[in-house]
Novice: 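What follows is a single structure, and I will ask about it in a moment.
A note on names: the letters A, B, ... follow the listed sequences, proteins ahead of strands, and every chain is numbered from 1. Please read all numbers here as calculations on a predicted model, not as lab measurements.
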There are 2 protein chains.
Amino acid sequence: MKLDDAAARLEALGNPTRLRIYRTLVRAGAEGMAVGKLQDRLDIAASTLSHHLKALVGVGLVTQTREGTTLICHTNYEIMRGLLEYMVEECCAESCAPAGIRLPKVA
Amino acid sequence: MKLDDAAARLEALGNPTRLRIYRTLVRAGAEGMAVGKLQDRLDIAASTLSHHLKALVGVGLVTQTREGTTLICHTNYEIMRGLLEYMVEECCAESCAPAGIRLPKVA
DNA sequence: ACGATATTTCGAATATTCTAGAAATACCGT
DNA sequence: ACGGTATTTCTAGAATATTCGAAATATCGT
């Protein structure tokens, strides 16, 4: 992952509203969560939610699949994993390693 | 770590210039790097660098120790580790875990 | 106290972000 | 095709971010 991509993804997560959105989607698990349900859950204006979702989708952290008239949102684990990898490898170096942070390779 | 703190730290890292600064400081290792050397290295205006450093210091990701007339900047590993922990625990859940991401406890 | 070097604060221009209401679009069931 | 529900786009205002030059402050050595 390039620095600019990492920065864009960190920026996307670096807003309390968007971090809440992302966290809620993670907790929704594999089935994801519809935009409407997210709106009920987070109690924000539909247009605001759409705006923030667009930002998260734009950097690849969230994907959407349409199911009839509702849009289901999912977190993209690979992107998040890549971001964590970047942070550990590029921004921790021998710094976090002694602290015990490891990102084992996936089999 | 609270969501708002995590968001503030992610936002601090979510700017290409600040991410470059942080990454450079990480690579500088335990001895850290003076503001002036950072400026030479990154080739940005002193006032701009100072502005961004303030943001990083403000969220605890960077600390500074004065040594005569020069200011040495260090990354704060504990804060970064806390942030990574937050991301893995709150924003990965059972999502990144199967992908192999682990943050073992420090002994 | 002075001069030199290091860094921050101030001021300002430009750009971007955040929020949300209103209008528009998308999709389904009938 | 129509009506209803779901979501996005448009628009706009207020707030915040980014950048950098100029001026101010801090620290040291003499």
Novice: Treating R18(B) as the side-chain partner and A12(B) as the backbone partner, does any N or O pair qualify as donor plus acceptor under 3.5 Å?
Specialist: yes
Novice: Starting at CG of D40(B) and ending at C1' of dA6(C), how long is that distance when rounded to a whole Å?
Specialist: 11 Å
Novice: Expressed in angstrom and rounded to an integer, what is the separation of I44(A) atom CD1 from dT19(C) atom C1'?
Specialist: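 So the CD1-C1' distance, I44(A) to dT19(C), works out to 10 Å.
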Novice: Are any of N15(A)'s side-chain N or O atoms less than 4.0 Å away from OP1 or OP2 of dT17(C)?
Specialist: no
Novice: Any base atoms under 4.0 Å from T70(A), or only sugar-phosphate, or nothing? Heavy atoms, all strands.
Specialist: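 Counting heavy atoms under 4.0 Å across all strands, the contact made by T70(A) is with sugar-phosphate only.
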Novice: Can you tell me the distance, in whole Å, between the CG atom of L38(A) and the C1' atom of dA6(D)?
Specialist: 13 Å
Novice: dT7(D), OP1 or OP2 - any side-chain N/O from S47(A) closer than 4.0 Å?
Specialist: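 No, no such contact exists.
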Novice: Output the rounded distance in Å from CG (L53(B)) to C1' (dT18(D)).
Specialist: 15 Å
Novice: Which heavy atom in Q64(B) sits nearest to a heavy atom in C73(B), and how many Å separate them?
Specialist: NE2-SG, 3.6 Å
Novice: In whole angstrom, what separates I72(B)'s CD1 from dA6(C)'s P?
Specialist: 11 Å
Novice: For H51(A), report the nucleic acid contact type (base, sugar-phosphate, nothing); a contact means any heavy atom under 4.0 Å.
Specialist: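 It contacts base atoms.
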Novice: Is it the case that the side chain of S50(A) and the backbone of A46(A) share a donor-acceptor pair, with hydrogens and angles ignored and the cut-off at 3.5 Å?
Specialist: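 No.
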Novice: Quick one: is R18(B) getting a side-chain N or O under 4.0 Å of the dT18(D) phosphate, OP1 or OP2?
Specialist: yes
Novice: Below the 4.0 Å mark, does dC28(C) have OP1 or OP2 next to a side-chain nitrogen or oxygen of T69(A)?
Specialist: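 For dC28(C), neither OP1 nor OP2 has a side-chain N or O of T69(A) closer than 4.0 Å.
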Novice: Below the 4.0 Å mark, does dT9(C) have OP1 or OP2 next to a side-chain nitrogen or oxygen of K54(B)?
Specialist: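 Answer is yes, contact under 4.0 Å.
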Novice: I need the CG-P distance between L56(B) and dT7(C), as an integer number of Å.
Specialist: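 From L56(B) CG to dT7(C) P: 16 Å.
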Novice: Counting just side-chain N and O atoms, does T48(A) come under 4.0 Å of either OP1 or OP2 of dT19(C)?
Specialist: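 Looking at the OP1 and OP2 atoms of dT19(C), neither is under 4.0 Å from any side-chain N or O of T48(A).
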Novice: If you compare every side-chain N and O of H52(A) against the phosphate oxygens of dT19(C) (OP1, OP2), does one of them come in below 4.0 Å?
Specialist: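 Answer is yes, contact under 4.0 Å.
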